[in-house]
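Everything on this sheet refers to the single structure shown next.
It should be emphasised that the depicted structure is a prediction, and the values quoted were computed from it without experimental measurement. Protein chains get the first letters and strands the later ones, always in sequence-line order, with residue 1 at the start of each. The figures here come from the full heavy-atom set of this structure, side chains too, leaving out hydrogens, waters and symmetry mates.
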2 protein chains.
Amino acid sequence: MARRNEHTKGELKALALDAVLVIAERDGPQVVSARKVAQEIGYAPGMLYHLFENIDDLILQANTRTVSALTDDLVRATKRQSADKAVLTMALRYLQLAQKNGRRWQLLFEHTMRNGVAVPSWYQAQTAKLFGLVEQQLVRMCPQKKSVEIQLAARAVWSAVHGVCLLSVTGKLNVGGAVKEARLVESLVQNYLHGWKSID
Amino acid sequence: MARRNEHTKGELKALALDAVLVIAERDGPQVVSARKVAQEIGYAPGMLYHLFENIDDLILQANTRTVSALTDDLVRATKRQSADKAVLTMALRYLQLAQKNGRRWQLLFEHTMRNGVAVPSWYQAQTAKLFGLVEQQLVRMCPQKKSVEIQLAARAVWSAVHGVCLLSVTGKLNVGGAVKEARLVESLVQNYLHGWKSID
DNA sequence: ATCTCTATTAAACACTGTTCATCATAATTA
DNA sequence: TAATTATGATGAACAGTGTTTAATAGAGAT
């Protein structure tokens with residue numbers, strides 16, 4: 001069989017990306033493989049390599065959807081909030097989403113480049129957008145601060161929140177019993193911002 | 001060939017763990033595999049399964065060495081330092097080590113359980129030690145704070161630092177150009193602690 | 001010298017990611 | 001309508017993974 005022409009290249013790509021997320025959520029992130037994705041959409045594995053560079057490219061593009069959905073959600077959720085409140089809302093919502101549909105985020109957090117290749121720049125740009133959202137709020141919060149300080153603080157606070165989310169999703173944080181992750185994030189954001197604002 | 005009896009079980013385990021770290025540093029973390037490790041120490045792959053449960057167990061035990069070395073280093077480096085200084089020193093040193101011999105830490109940061117199994121408790125205990133070190137300093141810093149608050153703050157600050165180290169080692173932080181990771185960690189620790197101390 | 005026991009192996013199984021010659025069939029041309 | 005071209009899709013193959021297990025080489029005991 002060949003030359004079915006049932007779908008355009010774009011449709012096929014969308015189908016494959018859907019399949020990645022479906023498999024990750026249904027069977028776990030470890031189950032995602034070229035053969036499994038191909039099977040899920042009713043094609044041969046080789047076909048995927050006409051659409052994607054390799055399996056990393058495929059998974060990275062699927063993860064972009066997850067991050068993109070997050071970005072949209074954060075923008076929506078922080079409309080008409082004060083800057084302080086907005087940063088905390090974003091952080092908590094990041095954690096909440098990560099914990100809610102955990103497997104989809106496991107795919108994001110636990111994925112590593114198969115051949116040690118560097119993460120492509122278009123993917124980094126996506127996460128840069130997240131930093132950007134935080135920067136926006138920090139500018140509103142402290143308009144007098146220099147741009148470089150805003151950038152630094154945004155990266156600091158978001159890396160920190162990311163650290164908590166990551167350890168939470170990968171189950172490496174349950175070491176002392178009754179410490180809720182949400183309280184960690186709250187403490188982190190509030191105390192950091194409190195300190196940051198009072199300096200300089 | 002069989003029954004060489006050149007090494008005891010303990011010696012063999014040590015050899016294998018050494019080999020994991022050597023391969024990770026020499027050829028990159030992705031190259032670490034059962035066959036490669038076996039070849040490195042001159043044995044058949046199957047032999048490893050008499051010493052370790054599976055490849056995750058092997059790598060986890062190797063990573064324990066890395067973490068253990070870190071713990072010792074942090075204890076040594078913070079002798080006779082004030083509490084404030086000690087926390088910052090630990091954080092910066094964590095980052096420094098992670099960046100210095102990056103591949104060894106890549107093995108730590110980028111490893112994920114092959115079958116989605118939970119991280120074993122003896123491994124979590126190791127990272128709990130790190131939290132413990134921070135807790136010690138926080139107690140010295142604010143003896144009046146409740147134990148649960150100390151625990152929470154220690155987890156928060158260490159998760160945050162971990163987040164920066166992770167994003168740095170995996171190359172996901174170079175999004176805005178001239179922001180040095182060390183300054184991120186500094187800002188994070190100092191501002192968080194400043195805020196934390198001033199509250200309650 | 002024989003026997004026992006076991007540390008070690010080689011081979012096999014079921015998976016990966018990836019490439020590529022081949023072919024069926026849609027689209028184009030005659 | 002018939003022949004031709006172009007290409008979407010395949011299936012088989014290659015090299016690698018983790019893991020299991022029956023077979024065995026050889027050290028130590030008899």
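Of the residues in residues 104-115 of chain B, R114(B) come within less than 4.0 Å of DNA chain D through at least one heavy atom, sorted by number. Residues from residues 8-19 of chain A that place a heavy atom under 4.0 Å from any atom of DNA chain C: there are none. Only G46(B), Y49(B), listed by number, bring a heavy atom of residues 42-53 of chain B to less than 4.0 angstrom from any atom of DNA chain D.
The list of ring pair (Phe, Tyr, Trp, His ring centres under 6.0 Å) pairs with a residue in residues 83-104 of chain A, not counting sequence neighbours, reads Y94(A)-W105(A), Y94(A)-W158(A). A ring pair (Phe, Tyr, Trp, His ring centres under 6.0 Å) check over residues 60-88 of chain A, counting only residues at least two apart or in different chains, returns nothing.
Counting only distance, with no hydrogens or angles, the side chain of T71(A) and the backbone of V67(A) share a donor-acceptor pair below 3.5 Å. Between the N54(B) side chain and the D57(B) main chain, a donor and an acceptor come within less than 3.5 Å of each other. Although no hydrogens or angles enter the test, the distance criterion places no donor-acceptor pair under 3.5 Å between the side chain of D73(A) and the main chain of A69(A). Formation of a donor-acceptor pair under 3.5 Å by the E11(B) side chain with backbone atoms of T8(B) is found in this model. Without hydrogens or angle criteria, Q61(B) side chain to Y123(B) main chain gives no donor-acceptor distance under 3.5 Å. With D56(A) contributing its side chain and R114(A) its backbone, the two residues share a donor-acceptor pair below 3.5 Å.
Rounded to whole Å, the distance from CZ on R4(A) to P on dC23(C) is 19 Å. Atom NE2 of H7(B) and atom C1' of dT6(C) are 18 Å apart (whole Å). Separating the CD atom of Q30(B) from the C1' atom of dG17(C) is a distance of 14 Å, rounded to the nearest angstrom. If you measure from atom CG of N54(B) to atom P of dT17(D), you get 16 Å, rounded to the nearest angstrom. Per the geometry, CD belonging to E6(B) stands 12 Å off C1' belonging to dA27(D), to the nearest Å. Regarding N5(B), its CG atom lies at a distance of 12 Å from the P atom of dG26(D), rounded to whole Å. Atoms CD (Q39(B)) and C1' (dA10(C)) sit 16 Å apart, rounded to a whole Å.
Not counting sequence neighbours, the partners of P45(B) by the side-chain contact (heavy atoms from CB on, under 4.5 Å) test are R35(B), A38(B). Not counting sequence neighbours, S121(A) has no partner by the side-chain contact (heavy atoms from CB on, under 4.5 Å) test. Remark: E186(A) pairs with L88(A), L92(A), Q190(A) by the side-chain contact (heavy atoms from CB on, under 4.5 Å) rule, at least two apart or across chains. In this structure K129(A) satisfies the side-chain contact (heavy atoms from CB on, under 4.5 Å) test with no other residue, sequence neighbours excluded.
Under a 4.5 Å side-chain heavy-atom criterion applied to ILVMFWY residues, the cluster that includes V37(B) comprises L12(B), L15(B), L17(B), V20(B), L21(B), I23(B), V31(B), V32(B), I41(B), Y43(B), M47(B), L48(B), Y49(B), L51(B), F52(B), I55(B), L58(B), I59(B), L107(B) as well.
E40(A) has a carboxylate O that lies under 4.0 Å from a charged side-chain N of R26(A), or vice versa, which qualifies the two as a salt bridge. Between R103(B) and D27(B) there is no salt bridge, since none of the side-chain N atoms of the basic residue sits less than 4.0 Å from a carboxylate O of the acidic one.
Between the base of dG16(D) and the side chain of R35(B) there is no donor-acceptor pair shorter than 3.5 Å.
When distances are taken from the side chain of S33(A) to each of dG17(C), dA26(C), dG18(D), the shortest belongs to dG17(C). Relative to the side chain of A34(A), the nucleotides dG17(C), dA26(C), dT9(C) differ in distance, and dG17(C) lies closest.
Between the two ends of the helix from dA1(C)-dT30(D) to dA30(C)-dT1(D), each summarised by a five-pair axis, the helix axis turns through 30° (rounded to 10 degrees).
Note: the hydrophobic cluster containing V134(A) does not contain I199(A) (ILVMFWY, side chain heavy atoms under 4.5 Å, direct or indirect links).
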Polar atom pairs between nucleotides 4-7 of chain D and protein, under 3.5 Å, N or O only, would you list them?
{"unit_1": "dT7(D)", "atom_1": "O4'", "unit_2": "R3(A)", "atom_2": "NH1", "d": "3.1"}

